[in-house]
Amino acid sequence: MRQTLSAFMLCACLFGLSACDSTSKPTPDAGPVIPAGHPLVTPSDEFQRVSRSGEAEPFRFAFIAQAGRHYDLIVEAENARYTVELRDAAGGTLLDTGDRGADGPSSSFFTRHWSGLGANAVYTVRITLHQTSSQDRFTFRFVDKGLDDHADLRATATTPWVPSEQSLTGLSEHPGDRDVFSFQTVNNHVYALACTFVSTSWEMDFSRGDESLLTRLVNDGREPSLQGGLAFKSPGGMFHAYIQYLEDDVATPLPYSCVLRDLGAEDHGDSFNTAATLPLGMPSFQGKMEYLQDTDVFALVVQPQHHYRVTCTIDGQKNCDLRGALRGETFFNPGLDPAHLALKASGPTHYLRVSLGFLNVPLQWQPGNYTLQFEDLGEDDHGDTLATATSLKGPVQAVQVSVPDVLDTDFFSFQATAGYRYQFGCERKEVALLSFFVDSQGQELEASRADDGQRWVETFTAPKTATYGLGLTTGYPEATGDYACEFKALGP
């Protein structure tokens, strides 16, 4: 049921700071239709209040909007937890919703900003409390903040934006004013927003048409930047751009200027299925980080059993996050430096994933040009399991060992007699190699180690007559390189 527009009179009453109840007296020729159960509220700088019919019922009111005006709903902080909903009375469409949690600052006000509303159109407001309360009146201020050049709700973003080199300008007429623009996107295209402000307190973001935030950039005045930039890759469909000054007091309107660009399709895929192939023997490759979350995946053709080192830099800096995997595996990098990746080829193709290695969002986003450099370190000199171990003979045998990267593990095997001692030692560099003796099942066995600063030697006494293994590895890049080592069968 609906009732016709009523002529409302705000009664003079003593409540807090001159607050008054909203009441109505129907008049048949008032024009717009006000939904039943929604007292009409007109904008005022004074506190107002509405009642509800029962403790479990929400608070409701309606208002008639004027074209081009910005309205603020400001709620007293003592009203702890609630949800505010704004709807178009004619169609019931939800235009805005917001929650205030109980953990917010007790001295703060909760404000919803509404603009871009239709001329002489009726809108309803619903306030639902999220806690049991005997409160039968809800106190707030509903204020007309003046003219607004652009809407600040997704549903009322009537200023369509077509990406181009043409600048779009706007004004922040009053504190809390935010401008929202809608634009259609193409699947897999990258879109960039660049804005110029006159203050160092501003915010800009992209969101989907379904209201989910995609990416946000905030300068709270601590950085002296009047420039801001963001970019994202679109799955297609409608998106929104938000632009807002964060000034608490706006004496005069603050202008801004922004350009929205369509940068075209992303240059490289971000999955195994869309990976670009890098041919065998390629010394380097150049690509681009087109937005903050950009990820490029490549299929690197390699020679099986060869070790490779891959290095990545973005604009000459080590800001890459470089990872590798076989198809179907999780990408990872076991090294200490994310800009370097070591791998041993176990098949004809290995996959690389390149992304940004820093977490701080730059205030002015610019695409980053990165370079991948590839080094083939040659075939692995010794097996990396007991099954592929290099056999050692006594009584004395010189052994050359190459450790090209932190992934490399070299295994050796030897026949031992119960009670006999065996030694293996290598020259010591900045960081010594790690060594360990194992039985045929791979179980590590006790051994003693001596280190004179020039060489280290590990001595093992065989508990029984059998075949044993010796493993060499390192977790430190400083320990990589070539080593002259020696194996000795010492006897009992």
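Nothing fancy with the numbering, it's 1 onward along the sequence.
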Applying ring-ring contact (aromatic ring centres under 6.0 Å, His included), name anything that partners Phe411, two or more places apart in sequence or on another chain.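 Only Phe436 meet the ring-ring contact (aromatic ring centres under 6.0 Å, His included) criterion with Phe411.
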
Would you please name every residue forming a ring-ring contact (aromatic ring centres under 6.0 Å, His included) with Phe272, sequence neighbours left out?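 Per chain and number, Phe272 pairs via ring-ring contact (aromatic ring centres under 6.0 Å, His included) with Phe331, Tyr351.
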
Minimum heavy-atom separation for [X] to [Y], with atom names?
X: Leu372; Y: Cys312; answer: CD2-CB, 3.6 Å
X: Val302; Y: Ala345; answer: CG2-CB, 3.4 Å
X: Asp152; Y: Arg178; answer: CB-O, 2.5 Å
X: Val431; Y: Glu478; answer: CG2-CB, 3.9 Å
X: Leu322; Y: Val310; answer: CD2-O, 3.6 Å
X: Ala65; Y: Leu117; answer: CB-CB, 3.7 Å

Answer yes or no: is there a donor N or O on one side and an acceptor on the other, between the side chain of Thr371 and the main chain of Gln286, under 3.5 Å?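 Such a contact is absent between Thr371 side chain and Gln286 backbone.
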
Is Asp315 reaching over with its side chain to a backbone N or O of Asn369, donor-acceptor style, under 3.5 angstrom?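 Checking the backbone N and O of Asn369 against the side chain of Asp315, a donor-acceptor pair under 3.5 Å is found.
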
If you round to the nearest 0.5 Å, how far is [atom2] of [Y] from [atom1] of [X]?
X: Ile243; Y: Asp177; atom1: CD1; atom2: CG; result: 11.0 Å
X: Ile127; Y: Leu73; atom1: CD1; atom2: CG; result: 6.0 Å
X: Gln423; Y: Leu470; atom1: CD; atom2: CG; result: 12.0 Å
X: Leu171; Y: Glu173; atom1: CG; atom2: CD; result: 5.5 Å
X: Glu266; Y: Thr274; atom1: CD; atom2: OG1; result: 8.0 Å
X: Ser402; Y: Leu472; atom1: OG; atom2: CG; result: 12.0 Å

Would you call [X] and [Y] a side-chain contact if the rule is heavy atoms closer than 4.5 Å?
X: Thr200; Y: Leu226; result: yes
X: Val399; Y: Leu392; result: yes
X: Asp380; Y: Thr388; result: no
X: Leu86; Y: Val84; result: no
X: Val301; Y: Leu278; result: no
X: Gln364; Y: Ser225; result: yes
X: Pro255; Y: Val198; result: yes
X: Ser207; Y: His240; result: yes

Starting from the C-alpha separation in whole Å, work towards a yes-or-no answer on side-chain contact (heavy atoms from CB on, under 4.5 Å) for Glu379 and Gln305. CA-CA 6 Å; Glu379 189 172 2; Gln305 302 305 310; 4.2 Å; yes

Would you be so kind as to tabulate the donor-acceptor pairs closer than 3.5 Å made by side chains of residues 293-300, with sequence neighbours excluded?
residue, atom, partner, partner atom, Å
Asp294, OD2, Glu290, N, 2.9
Asp296, OD2, Tyr370, OH, 2.7

Taking the six-membered ring where the residue is Trp, are the ring centres of Phe239 and Phe232 under 6.0 Å apart?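 Yes, close enough.
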
May I ask you to check whether Phe197 and Trp202 place their ring centers less than 6.0 Å from one another?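 Yes, close enough.
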
Working for salt bridge (charged side-chain N to carboxylate O under 4.0 Å, His left out), residues Arg455 and Glu427: CA-CA 4 Å; Arg455 292 179 60 84; Glu427 60 183 310; over 6 Å; no

Can you see whether [X] engages [Y] through a side-chain donor-acceptor pair at a distance of less than 3.5 angstrom?
X: Glu85; Y: Thr97; result: no
X: Ser257; Y: Ser167; result: yes
X: Asp72; Y: His70; result: yes
X: Thr330; Y: Arg323; result: no
X: His340; Y: Asp337; result: yes
X: Asn333; Y: Arg353; result: no
X: His382; Y: Thr390; result: yes

Residues two or more places apart in sequence or in another chain: which of them pass side chain to side chain contact (heavy atoms under 4.5 Å, CB included) with [X]?
X: Ala241; value: Trp161, Phe183, Leu193, Phe206
X: Ala416; value: Phe414, Tyr422, Ala462, Tyr468
X: Thr196; value: Gln227
X: Gln303; value: Leu280, His306, Tyr308, Asp376

Using a strict 4.0 Å threshold on nitrogen-to-oxygen distance, state whether Lys488 and Glu486 make a salt bridge.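 So Lys488 pairs with Glu486 through a salt bridge.
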
Do Arg69 and Asp144 sit within salt-bridge range, that is, some charged N less than 4.0 Å from a carboxylate O?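 Yes, charged N to carboxylate O under 4.0 Å.
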
Of Phe424, Phe487, Phe460, the residue whose pairing with Phe412 passes ring pair (Phe, Tyr, Trp, His ring centres under 6.0 Å):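 Exactly one option meets the ring pair (Phe, Tyr, Trp, His ring centres under 6.0 Å) with Phe412, and it is Phe424.
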
His150/Phe181 under ring-ring contact (aromatic ring centres under 6.0 Å, His included): CA gap, chis, key distance, verdict: CA-CA 8 Å; His150 301 295; Phe181 304 94; 4.8 Å; yes

Please lay out, stage by stage, how Gln373 and Ser284 fare under the test side-chain hydrogen bond (donor to acceptor under 3.5 Å, both in side chains). CA-CA 4 Å; Gln373 293 181 317; Ser284 64; 6.0 Å; no

May I have all residue pairs that pass salt bridge (Lys or Arg N to Asp or Glu O under 4.0 Å) and include part of [range], sequence neighbours excluded?
range: residues 190-201; result: none
range: residues 269-281; result: Lys233-Asp270
range: residues 241-265; result: Glu165-Arg261
range: residues 400-411; result: none

Test of understanding: with salt bridge (charged side-chain N to carboxylate O under 4.0 Å, His left out), list the residues that count as partners of Asp205, not counting sequence neighbours.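 Listed in chain order: Arg216.
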
I need the single residue from His113, Arg112, Arg154 that forms a side-chain hydrogen bond (donor to acceptor under 3.5 Å, both in side chains) with Asp96. Which is it?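 Exactly one option meets the side-chain hydrogen bond (donor to acceptor under 3.5 Å, both in side chains) with Asp96, and it is Arg112.
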
